[in-house]
Enquirer: 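I am attaching a structure below and will ask some questions about it afterwards.
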2 protein chains.
Amino acid sequence: MSDPFVVVGADAAGLSAASKFRREAPDREVVVFEKGRWISYAYCGMPYFIAGYVDRMSNLLSLSPSEVDERGIDLQRGHEVVAVDPDAKRVTVETADGDRFERAYGDLLVATGARATTGPFDVRGVDGAFTLHDMDAAAAIDAYVAEPDAYDPARADVSAVDRERVDRNAAMPAPETAAVVGGGYVGVEVAEALTERGLDVHVFHRSGHLLSPFGETVGNRVEAALEAEGVTVHTNAPVDALVGDGRIEAIEVGAGGGEAPERVPVDMAVVGVGIRPNTDLLDGTGVDLGPGEAIRVDDHGRTSLPDVYAAGDCATARHAVTGEPDWVPLGLTANRAGRAIGATVAGNPTPVGDIAGTAAVKAFDAEAARVGILDRDEAEAAGFDPVSETVTAGSRSGYYPGAAETDVTLVADRDTGRLLGGSIVGTDRAAVRIDTLATAIEADMTVSEVERLDLAYAPPFSPVWDPILVAAKVLNGTLDD
Amino acid sequence: MSDPFVVVGADAAGLSAASKFRREAPDREVVVFEKGRWISYAYCGMPYFIAGYVDRMSNLLSLSPSEVDERGIDLQRGHEVVAVDPDAKRVTVETADGDRFERAYGDLLVATGARATTGPFDVRGVDGAFTLHDMDAAAAIDAYVAEPDAYDPARADVSAVDRERVDRNAAMPAPETAAVVGGGYVGVEVAEALTERGLDVHVFHRSGHLLSPFGETVGNRVEAALEAEGVTVHTNAPVDALVGDGRIEAIEVGAGGGEAPERVPVDMAVVGVGIRPNTDLLDGTGVDLGPGEAIRVDDHGRTSLPDVYAAGDCATARHAVTGEPDWVPLGLTANRAGRAIGATVAGNPTPVGDIAGTAAVKAFDAEAARVGILDRDEAEAAGFDPVSETVTAGSRSGYYPGAAETDVTLVADRDTGRLLGGSIVGTDRAAVRIDTLATAIEADMTVSEVERLDLAYAPPFSPVWDPILVAAKVLNGTLDD
């Protein structure tokens with residue numbers, strides 16, 4: 001009897017791996033250690049819970065602990081793996097009760113995820129200041145936003161929730177003005193959510209346009225979509241400090257150029273300036289790290305340590321355009337890599353798949369998406385000579401009601417014509433169109449090949465020349481010059 | 001000075017070719033002969049005009065004759081090309097005024113389109129019976145459907161319209177019950193349109209499910225969508241005859257099996273049982289024909305006659321899956337091939353591009369689309385061993401409001417795993433997702449490669465595993481067995 005497949009972390013990657021392994025190797029043992037109480041929740045759904053689009057927190061759970069048990073997976077919550085000995089192939093586990101023990105593994109998957117960074121701020125101990133990187137924070141924000149007499153405790157209907165924290169936030173007076181620090185996709189989603197809850201929302205973003213990885217066209221249009229719904233967007237506005245004694249009272253924005261910082265009074269702040277991979281567990285093991293200080297893995301999710309895999313937000317993945325490891329922590333990547341590693345460990349070697357950096361975000365009625373390499377510097381660093389064009393085209397035939405302006409940006413390599421990246425923003429079926437570009441990028445298509453794609457034409461859904469085809473035509477014209 | 005580029009037909013293919021040629025060869029002459037009065041209209045928009053979604057017929061025109069003139073194109077309406085002499089490189093033209101003359105060409109493009117077939121029926125001379133294959137028919141239907149005192153003549157606001165026919169139809173009492181003969185996409189769209197106009201609509205389809213080229217899953221779901229809005233769908237119901245003296249009174253449906261035909265009283269019928277390519281012009285020239293008796297062309301749109309091209313609904317195109325000529329008359333194909341031929345004739349050889357048979361259709365709130373080869377017999381005839389799976393998956397994360405069941409069918413070749421075709425039907429952003437499959441098919445992807453695509457995940461638009469990925473996973477599992 002071989003040693004078990006040990007998985008560290010019970011979220012998307014970890015439980016996908018354990019479930020797939022269990023199905024493919026029903027006679028072998030799999031143990032999942034999770035340091036917290038939460039498992040398998042929809043991280044990406046938290047803003048929509050806060051917005052009130054989702055009534056019950058339990059709706060965000062994919063799997064309950066009992067469902068995991070029923071799958072034949074030995075799930076140990078409140079068990080933190082604190083050390084790995086790759087030579088002895090053992091992990092050291094500390095329980096929430098203070099016990100400490102070692103466990104041998106046959107194969108090990110590190111799926112420890114990522115944690116929110118807060119830049120120069122410490123939100124701990126400041127009432128009304130939050131990061132949004134776990135369900136307890138989502139429950140606390142949801143409670144804090146509500147008037148004390150209007151809060152419905154049934155919304156946080158999961159036993160794992162930190163009830164004391166929820167109750168404390170629910171008891172505070174509801175905020176009226178919120179600062180969202182960071183205009184990435186979580187920031188944009190939280191801005192929508194808090195606006196839906198009736199707050200006056202200010203978004204502060206360090207650089208010149210929101211959603212930096214989506215490019216300027218998308219950033220500007222999403223900014224307009226937020227402002228149309230009453231959000232105040234501050235660009236080139238790095239936040240220096242959260243101000244407040246006990247409860248937050250203001251944020252200070254660095255004006256730069258020697259001017260005095262601006263102080264914006266708020267009674268709530270959500271800080272979403274970034275995340276970083278949780279790799280402390282492997283400190284001292286000599287494991288190779290990659291971009292973003294994430295655990296570097298090969299095309300089967302293997303780390304540089306024997307029989308140790310990594311997947312999800314703590315691990316790299318190979319980028320389809322560059323062929324090099326990259327760190328783009330997103331949900332599908334975690335699920336897919338976990339599933340592939342589960343199969344591989346079970347004896348059916350399965351590649352984890354490339355990433356294309358595909359991402360989508362909603363801002364009220366605007367839908368935005370991006371894929372591949374959009375940034376000029378990033379493209380040049382990867383050895384390309386990027387050429388870019390942006391077009392505005394209709395989402396439907398011009399005569400069909402509901403046709404909406406859709407902006408498409410395509411980036412290609414001048415020498416080869418290869419498609420490197422793209423973005424799409426609009427209000428009518430805009431985001432899902434990015435999948436066409438993701439597929440073209442993974443197939444190493446040129447812009448000429450994209451221009452000749454036989455995409456669907458039907459007046460209610462697309463004009464004769466789909467916005468993607470229009471963009472490809474224009475970029476091809478530029479490449480031919 | 002060389003002889004002009006002569007184009008026969010002033011619709012999508014013909015005018016795309018002339019316009020592109022004019023831009024790329026500004027010093028050479030281009031003449032477009034069009035036998036009728038209409039040019040460059042949105043064939044696919046006619047059902048939506050009838051439905052009332054489009055207020056004015058002029059909205060369906062892409063280009064007016066004067067705009068064509070402004071492009072420097074010599075457009076001759078009312079000029080029918082009646083013969084081609086490929087040896088002498090001359091065409092014979094008859095004008096609406098009865099004149100007849102010859103014209104030399106340097107290159108010739110035949111873009112004569114297709115015409116509606118009516119099966120065993122003759123709709124001419126039967127009031128209330130129509131085919132829908134030109135704008136005069138659309139205007140007549142629109143007028144016939146209205147109550148005489150409620151018809152707004154400004155809806156047919158194009159000088160080319162057959163005003164006498166419109167007036168005659170407007171003067172007749174409005175119909176109450178309509179038969180739509182043929183359940184292809186035009187039939188489905190007309191059924192929706194007439195229902196929107198208040199009619200009691202019956203659709204009669206020869207085979208067991210609507211939208212035969214879309215497969216059974218789509219057909220059945222579109223049938224349900226139509227019936228939910230009050231349309232009565234008759235499948236396995238071949239129509240034998242239109243009955244009526246002067247005005248239509250009923251249709252007769254063959255019951256088969258020796259039973260008496262069913263007679264359904266109607267006061268309107270729209271027959272949409274198929275179209276066939278207009279190739280009479282080349283009779284006697286010895287030109288090669290291909291599937292559907294369409295003019296066979298190569299990858300640059302060249303026919304078997306020297307310097308004679310063909311494009312649009314009268315021509316074949318190469319199918320991306322089989323690599324063989326096929327006949328799938330659709331709007332993008334016509335526009336794209338015309339544009340490419342215009343460039344080629346101007347001295348910049350440009351392939352017309354493959355087709356993938358991509359098509360989409362709307363039926364009230366249902367959206368359906370298809371691509372590639374879905375039919376088992378068709379796949380086998382092309383040398384494949386087809387394996388198919390159909391899944392039902394959510395269009396959004398399950399907790400996100402508006403998530404809707406989306407049915408995806410994928411077909412692959414058992415030996416190679418290559419994706420051969422697919423269909424998608426649902427109510428939430430379903431149709432545009434077909435473009436992902438069209439791109440995968442044109443890239444010759446396997447189902448394994450599709451399963452590992454990095455498609456966008458964002459709760460409002462797609463679950464972690466997009467319906468396409470779910471289908472690929474399931475089909476891959478079947479292929480592995």
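Numbered from 1 within each chain, the chains take letters A, B, ... in sequence-line order.
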Enquirer: Would a 4.5 Å heavy-atom cut-off, applied to side chains only, mark I50(B) and L132(B) as touching?
Expert: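 When only atoms from C-beta onward are counted, L132(B) and I50(B) do touch, with a gap below 4.5 Å.
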Enquirer: Between A404(A) and D428(A), what is the shortest heavy-atom contact and its length?
Expert: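 Taking every non-hydrogen atom into account, CB-CB, 3.9 Å.
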Enquirer: Compile the donor-acceptor pairs under 3.5 Å between side chains in residues 53-61 of chain A and protein atoms, sequence neighbours left out, one pair per line.
Expert:
unit_1	atom_1	unit_2	atom_2	d
Y53(A)	OH	E192(A)	OE2	2.5
Y53(A)	OH	E196(A)	OE2	2.8
S58(A)	OG	D157(A)	OD1	3.3
S58(A)	OG	D157(A)	OD2	2.7

Enquirer: Taking side chain as everything from C-beta outward and backbone as N, CA, C, O, which of these in V361(B) sits under 4.5 Å from a heavy atom of chain A? Side chain, backbone, both or neither.
Expert: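 For V361(B), backbone heavy atoms alone lie under 4.5 Å from chain A.
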Enquirer: Please classify the contact between S462(B) and chain A as side chain, backbone, both or neither, with a heavy-atom cut-off of under 4.5 Å.
Expert: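 No part of S462(B) comes within 4.5 Å of chain A.
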Enquirer: If you check every heavy atom in residues 451-461 of chain B against those of chain A, which residues fall under 4.5 Å?
Expert: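 Answer by number: E451(B), R452(B), L453(B), D454(B), L455(B), A456(B), Y457(B), A458(B), P459(B), P460(B), F461(B).
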Enquirer: Against chain A, work out which of P351(B), A320(B), S62(B) has the most heavy-atom pairs shorter than 4.5 Å and name it.
Expert: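 Between P351(B), A320(B), S62(B), the count favours P351(B).
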Enquirer: Report the residues that fulfil salt bridge (charged side-chain N to carboxylate O under 4.0 Å, His left out) with K473(A), sequence neighbours left out, ordered by chain and then residue number.
Expert: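 Salt bridge (charged side-chain N to carboxylate O under 4.0 Å, His left out) check on K473(A) returns nothing, list empty.
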Enquirer: Which one, A443(A), A42(A), A356(A), leads in non-hydrogen pairs under 4.5 Å with chain B?
Expert: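 Winner by heavy-atom pair count: A356(A).
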Enquirer: Using a strict cut-off of less than 4.0 Å between a Lys/Arg side-chain nitrogen and an Asp/Glu carboxylate oxygen, indicate whether D142(A) and R155(A) qualify as a salt bridge.
Expert: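 So D142(A) pairs with R155(A) through a salt bridge.
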Enquirer: Working note: R433(B) + S395(B), criterion side chain to side chain contact (heavy atoms under 4.5 Å, CB included); need CA distance, chi angles, decisive distance, verdict.
Expert: CA-CA 10 Å; R433(B) 293 183 197 268; S395(B) 62; 4.2 Å; yes
Enquirer: Please state whether the side chain, the backbone, both or neither of I468(B) comes within less than 4.5 Å of a heavy atom of chain A.
Expert: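 Nothing of I468(B), per the 4.5 Å heavy-atom cut-off to chain A.
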Enquirer: Quick check on the interface: out of G331(B), C44(B), A438(B), who has the most heavy-atom pairs with chain A under 4.5 Å?
Expert: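 Highest number of heavy-atom pairs under 4.5 Å: C44(B).
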Enquirer: Count the heavy-atom pairs under 4.5 Å between each of V432(A), T333(A), V450(A), T436(A) and chain B, then report the option with the highest count.
Expert: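 Winner by heavy-atom pair count: T436(A).
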Enquirer: Report which part of R336(B) has an atom under 4.5 Å of a heavy atom belonging to chain A: side chain, backbone, both, or neither.
Expert: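 When you check distances to chain A, atoms from both the backbone and side chain of R336(B) fall under 4.5 Å.
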Enquirer: Quick one: does N476(A)'s side chain get under 4.5 Å of T446(A)'s, heavy atoms only?
Expert: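 Contact flag for N476(A)/T446(A) side chains = no.
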Enquirer: L469(A) versus chain B, heavy atoms under 4.5 Å apart: side chain, backbone, both or neither?
Expert: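 Only the side chain of L469(A) comes within 4.5 Å of chain B.
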Enquirer: Between E449(B), M445(B), E442(B), which has the largest tally of heavy atom pairs under 4.5 Å with chain A?
Expert: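 Option with the top pair count is E442(B).
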Enquirer: Is it the backbone or the side chain of P47(B) that comes under 4.5 Å from a heavy atom of chain A, or both, or neither?
Expert: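 No part of it gets close to chain A.
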Enquirer: Would you name the heavy atoms of L374(B) and G421(B) that are closest together and state the gap between them?
Expert: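 Distance-wise, the nearest heavy atoms are CD2-C, 4.1 Å.
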Enquirer: So which residue, G398(B), A340(B), P401(B), A334(B), ends up with the most heavy-atom pairs under 4.5 Å with chain A?
Expert: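 Of the candidates given, the most pairs with chain A belong to P401(B).
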Enquirer: Heavy-atom distance under 4.5 Å to chain A: side chain of E367(B), backbone, both or neither?
Expert: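 Both parts, heavy atoms under 4.5 Å.
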Enquirer: So what's closer than 4.5 Å to chain A heavy atoms on D354(B): side chain, backbone, both or neither?
Expert: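 Contact with chain A involves the backbone of D354(B) alone.
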Enquirer: For A369(A), is it the side chain, the backbone, both, or neither that has a heavy atom closer than 4.5 Å to a heavy atom of chain B?
Expert: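 Contact with chain B involves no heavy atom of A369(A) at all.
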Enquirer: The criterion is ring pair (Phe, Tyr, Trp, His ring centres under 6.0 Å); which residues satisfy it with Y48(A), sequence neighbours excluded?
Expert: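 Checked Y48(A) against ring pair (Phe, Tyr, Trp, His ring centres under 6.0 Å); matches are Y400(B).
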Enquirer: What option among D466(B), T358(B), V352(B), I434(B) has the most heavy-atom pairs under 4.5 Å with chain A?
Expert: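 Highest number of heavy-atom pairs under 4.5 Å: T358(B).
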Enquirer: Contact part of L330(B) toward chain A, heavy-atom cut-off under 4.5 Å: side chain, backbone, both or neither?
Expert: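 Neither; nothing under 4.5 Å.
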Enquirer: Do V371(B) and I424(B) touch side chain to side chain, with heavy atoms closer than 4.5 Å?
Expert: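 A side-chain contact under 4.5 Å is absent here.
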Enquirer: Which one wins on heavy-atom pair count under 4.5 Å against chain A: S397(B), G45(B), A359(B)?
Expert: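 With the most close heavy-atom pairs to chain A, the winner is G45(B).
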Enquirer: Are M46(A) and M135(A) close enough, and set up right, to give a side chain to side chain contact (heavy atoms under 4.5 Å, CB included), and what steps lead you there?
Expert: CA-CA 7 Å; M46(A) 295 190 299; M135(A) 292 282 267; 4.0 Å; yes
Enquirer: Please determine whether a side-chain nitrogen of the Lys or Arg among D444(B) and R418(B) lies less than 4.0 Å from a carboxylate oxygen of the Asp or Glu.
Expert: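 Yes, charged N to carboxylate O under 4.0 Å.
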Enquirer: Side chains of R370(A) and Y185(A): does their closest heavy-atom pair fall under 4.5 Å?
Expert: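 Not in contact.
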Enquirer: Is the closest side-chain donor-acceptor distance between S16(B) and N335(B) under 3.5 Å?
Expert: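 On atom types as modelled, these side chains qualify, holding a pair under 3.5 Å.
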